[in-house]
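One-based numbering, in listed order, for ligands and for the atoms of each.
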Amino acid sequence: MLPPFRNEPYADFLLPANRQAMEQALAKVRGEFGREYAIVVNGAAIHTPDKHDSVNPSRPVELVGRHQKATAEIAVRAIETAHAAFPGWAATPVAERVAMVVACASILRERKSEFNAWLVLEAGKNWNEAEADTAEAIDFCEYYARQMERMASPAPLVQMPGERGELRYLGLGVGIIIPPWNFPLAILVGMTVAALVAGNTVVIKPSSETPTIGAKFVEVLAAAGFPPATYAFVPGSGAIIGDLLVEHPLTRFVSFTGSREVGLRINALAAQTQPGQKWIKRVVAEMGGKDAIIVDADADLEAAAQGVVAAAFGYQGQKCSACSRVIVDASIHDRFVEMIKTKTEALTIGPADDPEFFMGPVISAGARKAIRSYIEIGRTEGQLVTGGDEAPGEGYYLQPTIVQGIEGHHRLFQEEIFGPVLAVAKSRDFEHALALANDSDYGLTGAIYSNTPAHLERARNEFFVGNLYLNRKCTGAMVGAHPFGGFNMSGTDSKAGGPDYLLQFLQAKTIAEKLS
Ligand code: NAD
């Protein structure tokens, strides 16, 4: 049995040794810029004529990695190989599968600065955000390894007289792993190792914004000893291989994290039974958010302002858990808006590899354009408090933007923007604040700052989100402590990093033997 789980500690970059390690890792990774990465099926490297380039969003002229675009034929081969490997992998003793996942954690720990550097340079994370992403990837490995040990020794059943009863958890089959770009290591790793440790084989389709980080993790799977046929790495366009991977009759489940639009499409496609398909596909779909923080009349305004600004603009607002709506009691509204304005205007914006800057670029030119169009909508729906424009520099920089005067029916209040844009709504009283917070199709994270115990209690019972925080910000969920997943259009509430997560990748078999 493994020792108890503990979260991976974060490196403090104020310490010269940690700073130096990051500088060296950034230099090493820059030295690898422009390399070409292969599709990997059954351990074999495959190249295609059609390529896809991944760039550094802080300096888009820099080519981070060149990737293959898988064809339909390669995607089918990947599924068939994983399907053929499934029985052998499912029969591999749990202890061996667990040991491989723990080995992944060890390798990630040894190569932590290097993975951080890839996250800085391909995803535009600042050093601390990158460190949190890599640490979370390590946590997922260590946590799911322990959860699988637990699932392998399930609680005893009620024993019928004259019978011996048993419950075993079995893997499902081939899973398609479709992660987003915003936690390109942690989410990709978490979804992959959860499926593998439970005895499934996987086909990983990385996000086209961050495929190099995916390719680097596939090196880790190989080094950790996973048999080559148990995993495939298949980058490619959603249009050419996305639907195909989901629809294939040998696909047993899809583990998706990303936008509502794509998640719902995958859910619909997976529900259509294909000729030769022998099961109902499972879909785990973790999707978007429109996360609200309520600031009550008697809240600690300094703590609330700090929490709101950190949750709204950390990683440029590109977290599913980011605060995109702040609902402020009318009695303190103007003072609070002034406080968040001052704090927001003090944020620094620049290249993610320079630790002096709090905010880096948004992920792409397309993302910046889409976010800017929401800012224009915000100007008409409400009043701009600060920001509203691009920020100078070579990268895809945007000013952190606050729009006040936003009401429940406004698009800025309802639609996920996924960038550094915060909508401020004024509430008449706590009742109104709670109603506004729940006026959303989404239900991922939420927070309330209040010193009224009765209001905190009502939030516990009535604030309809998968992850609720009282008197703290709504980002920064930790594996094991804050199992993560949302309600309604935020997804299937799979609770990543929680004790129930692995059940989604397992099926239970009950065995009753008549005793003679
Ligand atoms: P996205 O939906 O655009 O893409 C997600 C993944 O789906 C990518 O790998 C993409 O290549 C793939 N994809 C796109 N079209 C496809 C298709 N037709 N078939 C199969 N795969 C397809 O999302 P994104 O921009 O990468 O990520 C941002 C979104 O993810 C936001 O909405 C954010 O809230 C959400 N998110 C949610 C969570 C959560 O835990 N709920 C965590 C992180 C991000």
Taking distance alone, with N or O pairs closer than 3.5 Å, would you say [X] contacts ligand 1?
X    : result
N182 : no
G258 : yes
R260 : no
S259 : yes
S208 : no
P179 : yes

Worksheet item: Can the positive tip of K205 be found less than 6.0 Å from the middle of the six-membered ring of F256, inside 45° of the ring normal?
Response: no
Discussion item. Against the six-membered ring of Y315, is K125 placed for a cation-pi contact (under 6.0 Å from the centre, within 45° of the normal)?
Written reply: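 Checked: cation-pi criterion met.
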Provide the number and element of each atom of ligand 1 under 4.0 Å from a heavy atom of [X].
X    : value
P180 : 26 (O), 27 (O), 43 (C), 44 (C)
L444 : 41 (N)
G242 : 19 (N), 20 (C)
S207 : 9 (O)
T257 : 5 (C), 37 (C), 38 (C), 39 (C), 40 (O), 42 (C), 43 (C)
M287 : 34 (O), 35 (C), 36 (N), 37 (C), 38 (C), 39 (C), 41 (N)
F256 : 2 (O), 5 (C), 6 (C), 7 (O)
I187 : 42 (C), 43 (C)

For ligand 1, which part of [X] has a heavy atom less than 4.0 Å away: the side chain, the backbone, both, or neither?
X    : result
E416 : side chain
V262 : side chain
F183 : neither

Between [Y] and [X], is the closest basic N to carboxylate O distance under 4.0 Å?
X    : Y    : value
R6   : D139 : no
K290 : E415 : no
D389 : R372 : yes

Discussion item. Can you classify the ring geometry of Y37 versus W118 as parallel (below 30°), tilted (30 to 60°) or perpendicular (above 60°)?
Written reply: perpendicular
Item to complete: Measure the acute angle between the ring planes of F464 and F487, then classify it against the limits of 30° and 60° as parallel, tilted or perpendicular.
Response: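 Plane angle between 30° and 60°, so tilted.
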Fill in: Closest approach of any protein heavy atom to atom 36 (N) of ligand 1, naming residue and atom
C320 CB, 3.5 Å
Item to complete: Starting from atom 7 (O) of ligand 1, find the nearest protein heavy-atom neighbour and note its residue, name and distance.
Response: I178 CG2, 3.2 Å
Item to complete: Please name the residue in the list W279, F505, F86 that meets the ring pair (Phe, Tyr, Trp, His ring centres under 6.0 Å) test with F253.
Response: F505
Discussion item. Quick check for you: to the nearest 0.5 Å, what is the distance between F183 atom CZ and F140 atom CZ?
Written reply: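 These two atoms lie 9.0 Å from each other.
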Worksheet item: Looking at CH2 of W89 and CZ of F226, how far apart are the two atoms once the value is rounded to the nearest 0.5 Å?
Response: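 With rounding to 0.5 Å, CH2 (W89) is 5.0 Å from CZ (F226).
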Worksheet entry | With E122, the side-chain contact (heavy atoms from CB on, under 4.5 Å) member among L185, V64, N56, I363 | V64
Practice prompt. Report yes or no: does a heavy atom of F484 sit under 4.0 Å from some atom of ligand 1?
Written response: yes
Discussion item. Could you tell me if S58 and E394 have a donor-acceptor pair between their side chains, going purely by distance under 3.5 Å?
Written reply: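 Judged by distance alone, the side chains do not pair up.
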Worksheet item: Is there a protein heavy atom at a distance of less than 4.0 Å from atom 2 (O) of ligand 1?
Response: yes
